[in-house]
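Worksheet for the structure shown next.
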Amino acid sequence: MKAIVQDRYGPPETLTLADVDTPVPAPDEVLVRVEAASLNAYDWHAMRGDPLIARLAMGRSRPRARIRGRDFAGRVEAVGAEVRQVRPGDAVFGDLGDANGAFAEYACVPETLVAPRPANLTPQQAAALPLAGVTALMGLCDVGRVGPGCRVLVNGASGGVGTLAVQLARALRATVTGVCSTRNVDLVGSLGADHVVDYTRHDFTRDTRRHDLVFDLVGNRSLTALRRALTPTGTLLLSGGGVYRGGSLLGPVGLITRGRMLAPFVRQRIVVLTTAPGRRHLDALRVHVEDGRLTPVIDRTYPLHEVPEAIRYLEGEHARAKVVITI
C-alpha cells in the first residue's frame with residue numbers, strides 16, 4: 001500500500017510517499033481502508049520533533065511511529081477475532097492517537113478508537129472531526145461545564161478546534177467571543193460567535209469584557225494577560241497548538257508548565273487540557289453533527305502524495321479550519 005513515511009525529524013521534505021506492507025489487524029483491531037485524513041498541529045510537531053522536549057515521548061532521534069497522521073475516515077475492510085461492535089463495510093471515523101498511521105491507504109485501529117461516521121457527512125468532513133472535535137467537546141463540556149448564559153472566549157477561533165468550539169459553545173447557549181485575524185472575521189461570525197475580535201486591531205486581554213471561560217488554542221499570550229480576560233472565578237483552559245517559528249526547546253509546553261505551577265495558588269481555575277481518543281466522545285460528536293449543531297469547516301484538500309505541501313501550508317499560519325487529505 002501507499003503511505004507517507006518519515007525516518008528522521010525535519011521539515012516537510014523528510015516526508016516521502018512509499019510502498020509499505022498493508023497492516024494485519026490484531027484480535028482487537030479493525031483494518032480500515034482510509035478514504036480521507038486530516039491534519040492537526042500535532043502532525044507538524046511530530047514531524048519536526050518540536051519542541052525538543054517532546055522527543056522524550058515521541059522518540060529521541062527519530063519518530064517512533066514511521067507513518068504520519070492521526071485523524072481518519074474510511075470503511076472497515078476486515079476485523080480481528082475479538083471485535084464485536086463494527087463489521088466489514090461499516091463507514092467509520094476516528095483518531096489513531098500517538099500510534100499515528102492515517103496518511104496511508106490502510107490503517108489498523110483498535111476497536112475502541114473508531115465509531116460510526118455521521119450519516120450526513122462526507123469522508124472528508126468526517127476526517128476533519130476527531131481530534132479537533134474531541135478537544136472542543138472535552139474543553140467545553142467535560143472541563144469547562146459550559147451552559148446557558150456562560151461567557152466563553154475562544155482564542156484561535158478560526159482554527160480546526162476553534163471553529164468547532166465556537167459552534168458547540170453556541171449550541172450550549174453560551175455567549176461566545178471569537179478571536180481571529182482580519183481575514184477570518186466573517187467566518188467566525190458565520191459560525192455563531194456573538195462577538196468577534198480581530199487580534200490585529202484589538203487586544204482582547206485589555207478589553208473590559210470578562211469571561212467565565214477562556215479557551216486558549218494558540219499559546220501566544222502570557223498567563224497574566226489571559227487571566228485578565230477572566231472573571232475572578234473564571235476558568236483558563238490551555239490547549240497548546242501554535243505555528244512553527246524555527247524550533248524551540250519548550251514551545252507551548254512552557255506556558256502549560258507555568259500554568260500548572262500557578263494553578264494551586266490562584267482563585268481562578270487554570271486547567272491544562274489533555275485529550276485521549278475514544279469512542280465515547282466520537283459518538284457524542286456524531287450526535288451533535290447529525291442534530292445540526294456542528295459542521296466541520298474545510299479550508300483545503302490535498303491528495304496523499306501532497307501531504308508535505310499540506311503540512312507546509314498548515315504550519316505557516318496560513319490555514320483556517322481544517323486541511324484534509326483525500327486518499
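Heads up: numbering here begins at 1 and tracks the sequence.
Residues Leu304 and Ile4 form a side-chain contact, since some pair of their non-hydrogen atoms from C-beta on lies under 4.5 Å apart. In this structure, the side chains of Arg64 and Asp98 stay at 4.5 Å or more apart for every pair of heavy atoms. At least one side-chain heavy atom of Leu223 sits less than 4.5 Å from a side-chain heavy atom of Leu236. Put simply, the side chain of Val214 does not reach to within 4.5 Å of the side chain of Leu237, judged on heavy atoms. In this structure the side chain of Cys150 never reaches within 4.5 angstrom of the side chain of Arg145, judged on heavy atoms. Contact of the Phe215 side chain with the Leu140 side chain is registered, since non-hydrogen atoms from C-beta on lie closer than 4.5 Å. With a 4.5 Å cut-off on side-chain heavy atoms, Ile270 and Leu226 do not count as touching. The shortest side-chain heavy-atom distance between Gln85 and Pro116 does not fall under the 4.5 Å cut-off.
Ion pairing between Glu290 and Arg117 fails under the 4.0 Å rule for side-chain N and carboxylate O. Using a 4.0 Å cut-off between charged side-chain N and carboxylate O, Glu315 and Arg48 make a salt bridge. A salt bridge between Glu13 and Arg312 is present, with a side-chain N of the basic residue lying under 4.0 Å from a carboxylate O of the acidic one. Between Glu105 and Lys2 there is no salt bridge, since none of the side-chain N atoms of the basic residue sits less than 4.0 Å from a carboxylate O of the acidic one. We find that Asp43 and Arg68 are not joined by a salt bridge, their nearest charged nitrogen and carboxylate oxygen being 4.0 Å or further apart. A salt bridge links Asp203 and Arg221; the closest N-O separation between the charged side-chain nitrogens and carboxylate oxygens is under 4.0 Å.
A donor atom on one side chain and an acceptor atom on the other are found under 3.5 Å apart for Thr200 and Thr182. Side-chain N/O atoms of Asn40 and His45 include no donor and acceptor closer than 3.5 Å. With hydrogens and angles left out, the side-chain atoms of Arg210 and Thr231 include no donor and acceptor closer than 3.5 Å.
With Asp90 contributing its side chain and Arg87 its backbone, the two residues share a donor-acceptor pair below 3.5 Å. Arg300 places no side-chain N or O within donor-acceptor distance of the main-chain N or O of Val323, the cut-off being under 3.5 Å. Checking side-chain atoms of Asp71 against main-chain N and O of Ala37 turns up no donor-acceptor pair under 3.5 Å. In this structure, the side chain of Asp299 does not engage the main chain of Ala321 through any donor-acceptor pair within 3.5 Å.
Ser38 approaches Phe103 most closely through the heavy-atom pair O-CE2, 3.9 Å. Residue Gly97 comes nearest to Pro277 through the heavy atom pair CA-CG, 4.0 Å, listed as atom of the first residue, atom of the second, then distance. The two atoms that bring Ala3 and Ile67 nearest to each other are CB-CD1, 4.0 Å, heavy atoms only. Here the closest non-hydrogen pair linking Val324 and Gln124 is CG2-O, 3.8 Å. The two residues Gln6 and Ala46 make their nearest non-hydrogen contact at OE1-O, 4.2 Å. Contact detail for Glu82 and Glu111: the closest heavy-atom pair is O-OE1, 4.2 Å.
Under the 4.5 Å side-chain heavy-atom criterion for ILVMFWY residues, a single connected hydrophobic cluster contains both Phe204 and Leu238. Val34 and Leu31 end up in different hydrophobic clusters when Ile, Leu, Val, Met, Phe, Trp and Tyr side chains are linked at under 4.5 Å. Both Leu230 and Val266 sit in one connected hydrophobic cluster of ILVMFWY residues. Membership requires side-chain heavy atoms under 4.5 Å apart, directly or through other members. Ile298 and Ile311 are members of different hydrophobic clusters when ILVMFWY side chains are connected at heavy-atom separations under 4.5 Å. One hydrophobic cluster, built from ILVMFWY side chains closer than 4.5 Å, cannot hold both Leu17 and Tyr106; they sit in different ones.
Considering OG1 of Thr135 and NE2 of His281, their distance stands at 10.0 Å, rounded to 0.5 Å. With values rounded to the nearest 0.5 angstrom, Leu153 atom CG is found 10.0 Å from Thr205 atom OG1. Taking CD of Glu77 as the reference point, atom OG1 of Thr22 lies at 9.5 Å (rounded to 0.5 Å). Distance check: Asp7 CG to Thr16 OG1 gives 6.5 Å after rounding to the nearest 0.5 Å. Separation of atoms OG (Ser181) and CZ (Arg320) is listed at 8.0 Å; rounding is to 0.5 Å. For the atom pair CG (Leu294) and CG (Leu129), the distance works out to 7.0 Å, reported to the nearest 0.5 Å.
Counting heavy atoms of neighbouring residues, nucleotides and ligands inside a 6.0 Å radius, atom CG of Asp291 exceeds 12 of them.
Within the structure, every pair that satisfies the side chain to side chain donor-acceptor pair (under 3.5 Å) test and touches residues 153-162, not counting sequence neighbours, is listed here: Asn155-Asp216, Asn155-Asn220, Ser158-Asn184.
Stacking of Arg70 on the aromatic ring of Tyr42 is recorded, both the 6.0 Å distance cut-off and the 45° axial limit being met.
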### Query
Could you walk me through whether Val152 and Thr175 pass the side-chain contact (heavy atoms from CB on, under 4.5 Å) check?
CA-CA 6 Å; Val152 175; Thr175 299; over 6 Å; no
### Message
For a side-chain contact (heavy atoms from CB on, under 4.5 Å) check, start with the C-alpha distance between Val143 and Leu273, then their side-chain angles and the critical distance, and finish with the verdict.
### Response
CA-CA 8 Å; Val143 178; Leu273 182 62; 3.9 Å; yes
### Task
Please report the C-alpha distance between Phe72 and Val32 in whole Å, then the side-chain angles of each, then the deciding distance to 0.1 Å, and finally whether the side-chain contact (heavy atoms from CB on, under 4.5 Å) criterion is met.
CA-CA 9 Å; Phe72 67 90; Val32 175; 4.2 Å; yes
### Task
Show your working on salt bridge (charged side-chain N to carboxylate O under 4.0 Å, His left out) between Asp207 and Arg228 and close with a plain yes or no.
CA-CA 9 Å; Asp207 200 335; Arg228 267 200 311 267; over 6 Å; no
### Check against side-chain contact (heavy atoms from CB on, under 4.5 Å), Met47 and Tyr9
CA-CA 6 Å; Met47 175 188 75; Tyr9 291 121; over 6 Å; no
